[in-house]
Amino acid sequence: MKSVKAAAAIYWNPLVETLPLERLRELQVKKFRRIVKWAYERSRFHRKLYQEAGFKPGDIKSYQDISKVPKVEKSMMRDIQRKDPFPYGDALCVPLEEVTEFRQTSGTTGLPVYQPDTWQDWEWWAESWAYLLYAQGYRNTDRVFIPFGYNIFVAFWAGHYAAEKIGCEVVPGGVLDTEARVLKIQELQATAMMATPTYVLGMADTARKKLGIDPARDLTIRKITCAGEPGASIPSTKKRMEEAWGAKVFDHVGATEIGAWGFECAAQSGGLHVNEALFLVQLEDPETGEIIEEPGRRGKVVITALDRIAQPCIRFDSKDVVEWARDPCPCGRSFRLLKGGVVGRADDITKIKGVLVAPSAIEEVVRSIRGLSNEFEIVVTKKGDLDDVTLKIELLPEAEGSREPILTQVKDQLRLKTNLGYNIEIHPFQSLPRYEVKAKRFKDLRKQG
Ligand SMILES: [Zn+2]
């Protein structure tokens, strides 16, 4: 049994993060019932959805009953917005005057969804991030630099407030360009930062090439929290970032419509904890709809934000593909662990030549091979009736002499990890597209004919 003092040194909320599993489930069911009742009574959208399914909030008696509640798809959220009150629509559960935050999704898969939050919701956002930053070792001795264009996307906004809540000193790196950000980090001796994996790698490149600064040697960043892309849970990408910065790199997962629902802890055990104090996650078999409780079987996340009130997120089909880990995390948290983080999105995991492929598996191969740059592109097309997949990579100038062995290595590793053959194109260094924040490296052109 850990002493209270020792627990307080590890966990943001020592009580709830170490609750016995049964107690944690009880807490979740109690909160779930509360948020469903809240939505049923206040949101026209939810009431209609539930009534049409013949469901009433009182029907939830146990953990198993949760699956009876109808799911919400992202496409429904877009329809909601066409209704009153403007601009959020009829899932809004509070008077408009109580809304204090506007955010929207990036709309990469269609029209953006607008997300209202009350002040209470905003405090909840900061609280959810406080769990994850504290678990990754952020303390009041840290000076946290946030190289993020503060805007309508929620991204690292809540990370900013959570770092303050923990007591860190926060430096907002807003409209500065990359070089200015690197110089500010150096001048202030910042100890931690938050960014997408694409930006973490790009920033290190800029520092080395444009400023002659080696982040691992010349800067003092020792913790980096990633979001927005799966990279920090892909071992070879994580390794590249950790080596470039001489820092520990941690993953976290969240979404505008859901919240910050999962995080990697300081133990770095190869998975993400679900924050089960604030969220209820179920894994669903995409074909049968069966709830998956056992480890080692992939399913998609159906998730509820248990305390978010303005526009509730109840049984939302997140399309994130995950699996439960077999072993508990050595950190001692009761929160369950997802093996390897989010493995992919149900939208991105696609059948190529009849084989299921996640773009993250290809990224893992490319980033594990020395001599290749961080950039790559995957293009799937159709030749007649057959799928054709091309992987574009860049050779670093210093690896020019080992072109052939590297090519063989890429081919062998890809076949081993994805069971597929690829056309491989080696492009000149720095000729593939660069991305500032979120990268779009997977292009499926089959549907365009
Ligand atoms: Zn852990």
Side-chain angles (χ1 to χ4, degrees), residues 1-25 27-28 126-139 142 144 158-159 162-163 165-166 168 192 194 197 222-227 230-235 237-239 241-242 247-254 258-283 292-299 301 303 306 320-343 360:
M1 190 73 189
K2 287 191 180 88
S3 75
V4 173
K5 205 174 161 197
I10 305 172
Y11 312 114
W12 173 248
N13 185 331
L15 175 72
V16 77
E17 289 181 69
T18 56
L19 268 187
L21 222 52
E22 319 79 70
R23 296 272 314 279
L24 196 53
R25 294 290 163 268
L27 177 70
Q28 287 182 307
E127 179 71 3
S128 67
W129 267 83
Y131 274 89
L132 81 93
L133 294 179
Y134 202 82
Q136 296 171 353
Y138 286 67
R139 296 294 182 270
D142 278 303
V144 184
K165 188 168 180 173
I166 288 173
C168 306
M194 307 171 193
R222 294 297 168 259
K223 287 184 284 285
I224 300 175
T225 300
C226 285
S233 282
I234 298 175
T237 299
K238 189 192 203 74
K239 187 159 175 263
M241 290 191 276
E242 293 197 326
K248 289 273 181 204
V249 170
F250 301 102
D251 199 10
H252 121 266
V253 60
I258 305 167
W261 60 270
F263 60 86
E264 182 176 9
C265 71
Q268 290 193 312
S269 59
L272 296 183
H273 287 282
V274 172
N275 185 334
E276 297 192 279
L278 304 181
F279 297 89
L280 191 143
V281 163
Q282 289 183 306
L283 261 59
I292 301 170
E293 298 285 354
E294 72 269 30
R297 209 174 124 198
R298 285 188 180 176
V301 170
I303 187 163
L306 296 167
D320 290 311
V321 177
V322 298
E323 64 181 75
W324 296 119
R326 213 163 283 281
D327 302 313
C329 185
C331 72
R333 280 183 180 77
S334 314
F335 296 172
R336 282 182 293 176
L337 202 61
L338 298 168
K339 186 188 165 195
V342 172
V343 188
S360 56

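When a ligand or atom number is given, it counts from 1 through the structure's own listing order. What you are looking at is a predicted structure, and each value in this text was computed from that prediction instead of being measured.
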Listed partners of Asn13 passing side chain to side chain donor-acceptor pair (under 3.5 Å), at least two apart:
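Tyr131.
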For Lys248, enumerate each residue passing the side chain to side chain donor-acceptor pair (under 3.5 Å) test, keeping only those at least two apart in sequence or located in another chain.
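Partners of Lys248 under the side chain to side chain donor-acceptor pair (under 3.5 Å) test: Gln268.
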Taking 2.8 Å as the limit, list every protein N, O or S atom around the Zn ion (ligand 1), by chain and residue number.
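Atoms qualifying: Cys265 SG, His273 NE2, Cys329 SG, Cys331 SG.
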Is the count of non-hydrogen atoms from other residues, nucleotides or ligands lying under 6.0 Å from Arg298 atom CZ greater than 12?
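No, CZ of Arg298 has 12 or fewer neighbouring heavy atoms, counting only those of other groups under 6.0 Å.
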Going by the salt bridge (charged side-chain N to carboxylate O under 4.0 Å, His left out) test, which pairs reach into residues 15-24, not counting sequence neighbours?
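Sorted result for residues 15-24: Glu17-Arg333.
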Name of the residue among Glu293, Glu294, Glu323 meeting salt bridge (charged side-chain N to carboxylate O under 4.0 Å, His left out) with Arg336:
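Among Glu293, Glu294, Glu323, the one meeting salt bridge (charged side-chain N to carboxylate O under 4.0 Å, His left out) with Arg336 is Glu293.
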Please check if the side chain of Glu264 supplies one atom and the backbone of Ser233 the other of a donor-acceptor pair under 3.5 Å.
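Absent.
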